Amino acid sequence: MTANSRQRELRFDPEAIDRKWQDRWAQDGLHHTPPDDPRPKWYELTMYPYPSGDLHIGHWYAMAPSDCHARFRRMQGYNVLHPIGFDAFGLPAENAAISRGIHPQTWTMSNIENMRRQLRSIGAIYDWDKEIVTCAPEYYRWNQWYFLKLYENGLAYQAKGPVVWCPSCQTVLANEQVLNGACERCDAVVTRRDLEQWFFKITDYAERLLDFSGLVDWPDKILTMQTNWIGRSEGVEVSFDISHLGLDDAEIRTFTTRIDTIFGVTFLALAPEHPLVAPLTTDDRRSAVEAYVDRARRTSEIDRLSTETEKTGEFLGSYAVNRLNGERVPIFIGDYTLMSYGTGAVMGVPAHDARDFDFARKYKLPVRMVIAPISWDGSEPSEAFLGDGFMTNSGRYEGMTNEEGMAAIAADVERNGWGRRTVSYRLRDWLISRQRYWGTPIPIVYCQLCGVVPVPEGQLPVLLPEDAEFKPTGESPLAGNENFVNTRCPQCNGPARRETDTMDTFMDSSWYMMRYLSPGYDDGPADPAALDRWLPVDQYTGGAEHAVMHLLYSRFFIKALRDMGLVDFDEPFLRLYNQGVILGEDHEKMSKSRGNVVNPDEVVSHLGADAVRCFLMFIGPWDQGGPWSEVGINGMARWLNRVWDILERDPARLDASLDAPQAAAEREEAVRETQRLLHQTVRKCHNDLDRFKFNTAIAALMEFSNHLNRVWADASVDPATWRECVEKFLLMLAPIAPHVTEELWERTGREYSIHQQPFPTWDEALAAEETITLVVQVNGKVRDRLQVPADIQEDDARELALASPRVKSFTGGKPVDKAVYVPGRLVNLVV
RNA sequence: GCCGGGGUGGCGGAACGGUAGACGCGGCGGACUUAAAAUCCGCUACCUUGACCGGUGUGUGGGUUCGAUUCCCUCCCCCGGCACCA
């Protein structure tokens, strides 16, 4: 059974209903967010899509449930903003230009056109007047403006930074263009090059970014990932003496988190790029060292890091002195030492560091235990010992615990001026330069006389020229555009050249949530009044793949803006929720090569947007994702079909049944039970929608609809009860299935629009059970179930349990040792 | 290797430490139909039984508890992230 063949069996025409109401809502401006609404605001943001061309079912999975949640908040009485836009700059557009000869602008805008249509088909409450497209000059102008602000405040700077280089294509590659260390286009082995590039000083904010106290509700997973990404380590920067060599530098600085192991140092390892490498290399070692440095430089950093655990290096020929014990230790270079972390030099302690141990084994360096575990027999270890123990071979620190030793040595090192306690971070500064065309031009001019000159604010935007050479030439595509490159210096009006790199697109997404508020605003990135009213974002939803790039960059960005006095909040997104990944029917990740990609358009036109929305929310917990199912969605369409059937029934027909010879007491009981289930369902649905538990909210609604079918078949409730039930049922379903509910709301004579009604409320008293099933266990095993009043007391419950004949047969007349009573649930008899 | 998240019927999944399998899909049986589809009704973890009863069951092995899918420890798989950070 395919979606296609099921469609003609539905009681209604979903395509017509979708179109009818989407048009009507648009016409009435139902989703406009009024600027002066007195209700409390709720800013619910879903991560904007990249306009790749087609709205994938994965987009639906991200957007339909978040729309449902935003709608729910609106029915709860909030003034809700739930905007959408496009993350329109980036590499795929440029690749399309290269491979198919289409201009990135053309490609991007036609994709956006198509995706707008598809996004409308979801039936979300997007206010299209607030749409943003980041490749528009009105948008990226403010990227440039912010860049200048960061530059003025010393947070943007220029430095050499590594890029991945394809020697065959003669071009810079993005990391995602490298497959197994080779260029994805020509398969040549990539190398690394250092280019002068722009950075943002996110490292200045490392400490503040570790403070999550300003966040209300973020998944622990993301906080952990950010914490690990920032990678804070407390340690000691300690230097080794090389004054005997008579160089400009009298010492080598190293960073360690294990100063307690300094008596175990048997070598030093410098990064190949370390400035002291050349001066420290002796003549007899020079050719070998230079060859090693050269090899390391040609290997890309990515490659270098992904190589197995084998440690390589070269002896420089010189020695340094460990000031704590006066020992001479050989100085090596090794590419397991990274220039970009700590001081670019490490003290090698083979006995207490796994990497140093490997290195020492390979180069036959001594391994000296200086932290002894209690069980240590004095022999050389077969692997590095990383645990705690007692100081040994450690001079005056002998016998201390290594924790005491750590404190004592650190203090002595500081007192002697050999180093200082410090903190290192793994986090690197944010490299924003891209040697690409399709991005925001960096607003900088290079003047022969004045040097680096920022473009004055009044001259923004620096427009991205339309013509550029996309074919690989060895430099940024903009560099070949003479009209763009050649300009006048804003300071001296002399000849100057423009910066030809463009910005990382994470720049666009760092502040886009502010632009939505006033997308046409011309005097700044956002209207200050709107900013004041709407930010920070109350609820952000999107994929966990943005845990450490986008989300960290945006947090940094906002903190930096706050320090500059440009905003007055500290965190951009108060709450975060990550949806899972929608899989193909084969339970595999969707991909073109697997052929398991689902095109939502076809399903939507056959079964309707609501069936797709409902099904995506019903698959399972939203944060866990799950497999698409062609038959599964048919089941959902069938349920909506039954809902339609329920709403088509005329409640007046229940009046006729009053004449039936049915006991009045029985009918009264059915009404009471129906009321109870209604109130329980409202409670469950409310609480589940509130916490993104869409699957169980829908299950509760299904149970309620099943109940309605039963009482209709029995004609056991009165028309008024029926009317109340179906009305509240529709209201609960409205945020989940907006089109069908609006249609049924109208067809049953109710006033437009269902989406402007409040979400139903419940009464705890009416939701409370009158009787419960009392479970009776014997030694923890269920032996009987008794229907008892909900307010039964412990003594009565115990008595009833003991009186049960089934229970008696299991206790075998033995005396009961103990009876555990759980109010409202069970009695457990222990014999 | 390290850090997260998972492992429950044929499938997706439900279950404040307290009736395991809600809800849905699929399957089986029935009603309606000339017939099929759709629709409606019933059954559907496994073993045993004609049926009740009973027994076994939430990746593995242990532990805590009157009671464990849930908490703790061991191990095995799957998914995601990081990956020589001194």
Side-chain angles (χ1 to χ4, degrees), chain A residues 1 5-6 8-11 219-225 227-229 231-233 235 254-258 261 269 304-311 334-338 340-349 352-356 358-359 424-428 544-545 547-548 578 580-581 583 587 589 614-615 618-621 623-636 638-639 641-642 645 693 695-703 705-706 709 713 773-782 784-785 806 809 817-822 824-831:
Chain A
M1 180 59 53
S5 61
R6 175 79 66 181
R8 43 175 204 277
E9 312 296 346
L10 292 176
R11 293 184 168 95
D220 288 341
K221 175 188 175 175
I222 304 293
L223 301 185
T224 307
M225 283 168 79
T227 304
N228 293 341
W229 188 262
R232 183 182 197 277
S233 292
T254 67
F255 173 75
T256 180
T257 55
R258 290 295 305 273
T261 66
R304 200 168 110 187
L305 295 183
S306 67
T307 321
E308 278 76 77
T309 44
E310 225 226 332
K311 309 282 177 289
D335 66 4
Y336 81 96
T337 304
L338 308 172
S340 50
Y341 183 80
T343 60
V346 299
M347 55 179 226
V349 186
H352 303 291
D353 182 282
R355 295 151 302 182
D356 297 344
D358 289 348
F359 193 84
S424 277
Y425 301 91
R426 292 177 42 173
L427 184 69
R428 311 290 155 81
E545 68 273 18
V548 284
N578 297 119
V581 179
L583 304 172
H587 290 48
K589 227 175 200 166
C614 288
F615 178 66
F618 188 64
I619 288 175
D623 57 350
Q624 281 173 34
W628 175 260
S629 164
E630 194 71 28
V631 287
I633 191 166
N634 281 327
M636 189 51 74
R638 220 152 53 194
W639 179 61
N641 202 35
R642 284 198 295 275
D645 181 49
K693 300 199 145 281
N695 57 328
T696 46
I698 292 173
L701 290 174
M702 285 174 167
E703 281 186 71
S705 72
N706 290 342
N709 268 333
T773 307
L774 183 74
V775 170
V776 185
Q777 297 180 336
V778 177
N779 292 332
K781 291 201 172 199
V782 179
D784 204 358
R785 296 178 171 93
R806 310 246 332 258
S809 73
D817 287 346
K818 185 170 160 188
V820 180
Y821 175 64
V822 182
R825 291 216 175 255
L826 61 73
V827 176
N828 186 16
L829 304 171
V830 186
V831 294

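This one's a predicted model, so the numbers in the text were calculated from it and none came from an experiment. Residue numbers begin at 1 in each chain, while the letters A, B, ... track the order of the sequences.
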Open item on the list: When the C1' atoms of B:C2 and B:U8 are compared, how many Å lie between them, rounded to an integer?
Closed with: 29 Å
- [ ] Supply the atom-to-atom distance A:Met636 CE to A:Met702 CE, rounded to the nearest 0.5 angstrom.
- [x] 3.5 Å
- [ ] Would you tell me if any nitrogen or oxygen in the side chain of A:Arg638 comes within less than 4.0 Å of OP1 or OP2 on B:G26?
- [x] yes
Open item on the list: For a quick check of understanding: with a heavy-atom distance under 4.0 Å over all strands, which category does A:Asn695 fall into, base, sugar-phosphate or nothing?
Closed with: sugar-phosphate
Task: Spacing of A:Leu338 atom CG and A:Thr343 atom OG1 [to the nearest 0.5 Å] - done: 11.0 Å
Task: Rounded distance (Å) that lies between atom C1' of B:C23 and atom CG of A:Asn706 - done: 8 Å
Task: Nearest-nucleotide 5' precedence on RNA chain B, A:Asn828 against A:Ala700 - done: A:Ala700
TODO: Would you classify A:Ser233 as touching base, sugar-phosphate or nothing, given that sugar-phosphate means primed atoms plus P, OP1 and OP2, and contacts are heavy atoms under 4.0 Å?
DONE: sugar-phosphate
Task: Gap between atom CG of A:Asn695 and atom CD of A:Gln624 - 0.5 Å precision - done: 9.0 Å
- [ ] Report which part of the nucleic acid A:Pro621 touches: base, sugar-phosphate, or nothing (heavy-atom distance under 4.0 Å, all strands).
- [x] sugar-phosphate
- [ ] Would you kindly compare A:Lys221 and A:Val830 by the position of their nearest RNA chain B nucleotide and give the one closer to the 5′ end?
- [x] A:Lys221
Open item on the list: Can a donor-acceptor pair be found, under 3.5 Å and without considering hydrogens, that links the side chain of A:Asn641 to the backbone of A:Arg11?
Closed with: yes
Open item on the list: Please confirm whether the shortest side-chain N or O distance from A:Asn709 to OP1 or OP2 of B:C41 is below 4.0 Å.
Closed with: no
Task: Gap in Å between the two C1' atoms, one belonging to B:G17 and one to B:U65, rounded - done: 9 Å
Task: A:Lys781 side-chain N/O to B:U56 phosphate OP1/OP2 under 4.0 Å - done: yes
Task: Presence of A:Thr696 side-chain N/O under 4.0 Å of B:G13 phosphate oxygens OP1/OP2 - done: no
Task: Any strand: nucleotide that pairs with B:A22 via Watson-Crick or wobble, under 3.5 Å - done: none
Open item on the list: Tell me whether the side-chain N or O atoms of A:Lys311 pair up with the base of B:C84 as donor and acceptor below 3.5 Å, since no angle test is needed here.
Closed with: yes
Task: Distance in angstrom units between A:Asp358 CG and B:G1 C1', rounded - done: 12 Å
Open item on the list: Considering every strand and a 4.0 Å limit on heavy-atom distances, what is the contact class for A:Glu703: base, sugar-phosphate, or nothing?
Closed with: sugar-phosphate
Open item on the list: Mind checking if A:Val775 touches a base, just sugar-phosphate, or nothing, with heavy atoms under 4.0 Å?
Closed with: base
Open item on the list: Work out how far the C1' atom of B:A45 is from that of B:U19, and round it to whole angstrom.
Closed with: 16 Å
Open item on the list: Measure CH2/A:Trp628 against C1'/B:C11 and give the value in whole Å, please.
Closed with: 16 Å
Open item on the list: Rounding to an integer number of angstrom, what distance separates B:G9 and B:U74 when you compare their P atoms?
Closed with: 25 Å
TODO: For A:Ser629, answer base if it contacts any base atom (sugar-phosphate contacts may also be present), sugar-phosphate if it contacts only those atoms, and nothing otherwise; contact means non-hydrogen atoms under 4.0 Å.
DONE: nothing
Task: Same-atom distance (C1') from B:C82 to B:C72, integer angstrom - done: 28 Å
Open item on the list: With a 4.0 Å limit, can you tell me whether A:His587 has a side-chain N or O closer than that to the phosphate oxygens OP1/OP2 of B:C79?
Closed with: no
Open item on the list: For a quick test of reading the model: is some side-chain N or O of A:Lys818 closer than 4.0 Å to OP1 or OP2 of B:C66?
Closed with: yes
TODO: Report the base-pairing partner of B:C82 (Watson-Crick or G-U wobble, both distances below 3.5 angstrom), or none.
DONE: B:G1
Open item on the list: Using 30° and 60° as the class boundaries, would you call the ring planes of A:Tyr341 and A:Phe255 parallel, tilted or perpendicular?
Closed with: perpendicular
TODO: Could you tell me whether A:Lys693 contacts a base, only the sugar-phosphate backbone, or nothing, with contacts defined as non-hydrogen atoms closer than 4.0 Å?
DONE: nothing
Task: Value rounded to 0.5 Å, distance of CG in A:Asp645 from CH2 in A:Trp639 - done: 13.5 Å
Task: Interatomic spacing from CG in A:Leu774 to CG in A:Leu826 - rounded to 0.5 Å - done: 7.0 Å
Open item on the list: So A:Asp220, base contact, sugar-phosphate only, or nothing? Heavy-atom distance under 4.0 Å.
Closed with: nothing
TODO: Quick one: label A:Val820 by what it contacts on the DNA or RNA (base, sugar-phosphate, nothing), any heavy atom closer than 4.0 Å.
DONE: base
Open item on the list: Does B:G6 count as syn, meaning its glycosidic angle lies within 90° of 0, or as anti?
Closed with: anti
Open item on the list: Using atom C1' in both nucleotides, what's the gap between B:U49 and B:U56 to the nearest angstrom?
Closed with: 15 Å
Task: Pairwise C1' distance, B:U60 and B:C77 [rounded to whole Å] - done: 10 Å
- [ ] Report the distance from atom CG of A:Asn634 to atom P of B:A38, rounded to the nearest whole Å.
- [x] 10 Å
Open item on the list: Taking only the P atom of each, what is the distance from B:U48 to B:G10 in whole angstrom?
Closed with: 15 Å
Open item on the list: Counting the atoms with a prime plus P, OP1 and OP2 as sugar-phosphate, which does A:Ile619 contact under 4.0 Å by heavy atoms, base, sugar-phosphate, or nothing?
Closed with: sugar-phosphate
